[in-house]
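See structure below.
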Amino acid sequence: MVGEKCGVCGVRCYDNSEAFNFLYWGLIAQNHRGHESYGFLTHSEGFRRYVDLGLVPRIERGEFLRWSILLPGKVGVAHVRYGTSGNRDVYAHLKDAQPMVVSKGREKLGLGFNGNIVNIGWLKDLIIRSNRRLKTSSDTELLCRYIIDNMQKGVMDTIRNCMENVEGSYSVVGLTSKGELFAFRDPLGMRPLCYGQSRGGGIKAVSSETVGLNINSLDVIDEVQPGEALIMREDGVERERLVKDGRSAFCSFEFAYFARPDSMINGRHVYKIREQFGRNVGKRYREIVEHCDLIISIPETADDAAYGLHEETGLRWERTLRRHRYVTHRAFILEDSERTTTIDRKINVVDGSLKGKNVIVVEDSIVRGDTTKTIIKKLKEGGAVKVYLFVTFPKISNPCFYGIDMATFTELIGFYFDEAGIAREIGADGVFYQPLADFIEATGMSGKDLCMACVTGNYPTELAQRIADKVRSTVNKDDHSRIYERHGLGV
Ligand code: SF4
């Protein structure tokens with residue numbers, strides 16, 4: 001099964017505009033959330049769909065014009081994707097591309113999904129028992145089929161039913177065959193989703209990140225609340241909080257790594273939060289700062305934290321690591337075999353400034369450690385004497401079952417080693433993490449409203465906790481398959 005870390009958007013035009021243009025720009029702004037495939041689905045007397053592999057900005061102008069004619073309609077949804085497991089051949093990627101469309105009788109349903117379903121075993125059994133043959137390896141198809149099978153209850157009640165039964169993280173956009181646009185967020189609000197409109201309200205839209213609204217000159221109205229659903233129909237928007245859990249579990253990793261720095265989460269710009277991360281590590285590890293000459297950041301997610309560290313300590317921030325603009329894959333989402341060589345190609349070390357220097361490298365997180373190891377090696381080859389690593393996301397030592405591609409204990413360097421061990425493994429002279437309490441305070445959110453399971457091992461949903469507890473004690477160092485696939489997620 002495939003879990004996804006993706007980006008979604010949806011738009012309904014109540015004026016003379018067409019949806020496709022807004023969807024295109026909404027995806028451009030969020031392409032960092034998924035590089036494998038993209039897709040558009042509009043509705044105008046039926047569904048029109050276009051999906052392809054690769055990056056949205058690479059759609060050529062002629063193609064863009066062609067598809068803007070072929071995908072007419074005032075309402076539509078769109079999606080960028082990367083699958084975190086499952087079949088990685090190109091045909092499978094294309095088949096799994098979203099928005100996905102399923103039908104039942106005369107009904108059709110289109111869906112784009114960001115997140116990961118934890119009780120996938122239960123859902124798969126349910127769908128297969130109702131004599132459905134699955135056409136893809138994606139959990140999105142299961143979710144689509146589950147929703148369409150329950151659609152006789154009406155859209156709102158179907159979404160409520162979904163929230164009550166499906167465990168996991170999910171921010172969803174979808175279209176019904178009547179042209180209703182719906183969007184909802186899981187009861188714990190683990191993945192981002194926001195809502196906005198144009199001045200005057202002629203265009204209304206939802207987007208994973210606020211940048212998907214900004215790029216379309218839409219004002220951000222609100223975040224879709226955990227357990228909330230919106231339905232945009234011709235006659236207006238219906239919003240309802242369907243499930244109230246009394247807590248939320250927003251993914252903390254969005255703050256450190258995934259979200260764009262100019263996006264807003266919980267009313268604050270992500271780059272401001274990252275700057276605070278930098279100030280925090282500067283305060284905590286002053287004795288290291290005092291015998292260093294330079295701050296270097298791993299571009300680009302650690303740049304804001306490096307700036308904060310520089311502001312706090314006065315230490316020079318040197319842009320020694322430069323990113324090649326056209327090597328576009330994010331290291332985190334590459335195949336293991338590709339990762340090291342791509343990092344080598346992607347980051348260039350401007351080594352003139354390094355000779356004889358003690359440097360602090362600011363990094364957003366350490367998952368497997370291979371990216372950082374490659375960079376530290378390059379810095380030392382460039383003449384750096386000591387390399388200390390300041391990491392803004394606390395130590396990751398547990399897998400994520402909610403859609404971030406770190407689903408096994410065995411792939412996490414932090415599962416095996418403490419700070420000294422990690423430093424030894426990656427060739428650093430010291431590794432210093434931002435303490436969890438500092439991290440939480442900088443986000444401006446309460447710790448009880450954040451998921452930090454990959455750090456603490458305390459999962460916000462029941463089945464995920466049971467799986468982690470069951471597997472932790474029996475981890476086989478050589479087994480790199482994903483835990484939730486191996487255990488069928490029905491335990
Ligand atoms: Fe995010 Fe970590 Fe929770 Fe996964 S386990 S949702 S990466 S905070």
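Counting convention: from 1, in listed order, for ligands and their atoms alike. When reading the values below, keep in mind they use all heavy atoms of this one structure, side chains included, and skip hydrogens, waters and symmetry mates. A quick note: this is a predicted structure, and the numbers were derived from the prediction, not measured.
Among residue pairs with one or both ends in residues 425-434, those qualifying as salt bridge (Lys or Arg N to Asp or Glu O under 4.0 Å) are Lys380-Asp429; sequence neighbours excluded.
With sequence neighbours left out, Arg268 forms a salt bridge (charged side-chain N to carboxylate O under 4.0 Å, His left out) with no residue at all. Residues passing the ring-ring contact (aromatic ring centres under 6.0 Å, His included) test with Tyr433: none are found, sequence neighbours excluded.
By the 30° and 60° cut-offs, the orientation of the rings of Phe184 relative to Tyr170 is perpendicular.
Each protein N, O or S atom less than 2.8 Å from atom 4 (Fe) of ligand 1 was counted, giving 1.
Taking the six-membered ring where the residue is Trp, the centroids of Tyr257 and Phe393 are separated by 6.0 Å or more.
One N or O on the side chain of Arg274 and one on the backbone of Phe255 form a donor-acceptor pair closer than 3.5 Å.
When each atom of ligand 1 is checked for a heavy atom of Arg191 under 4.0 Å away, the hits are 6 (S).
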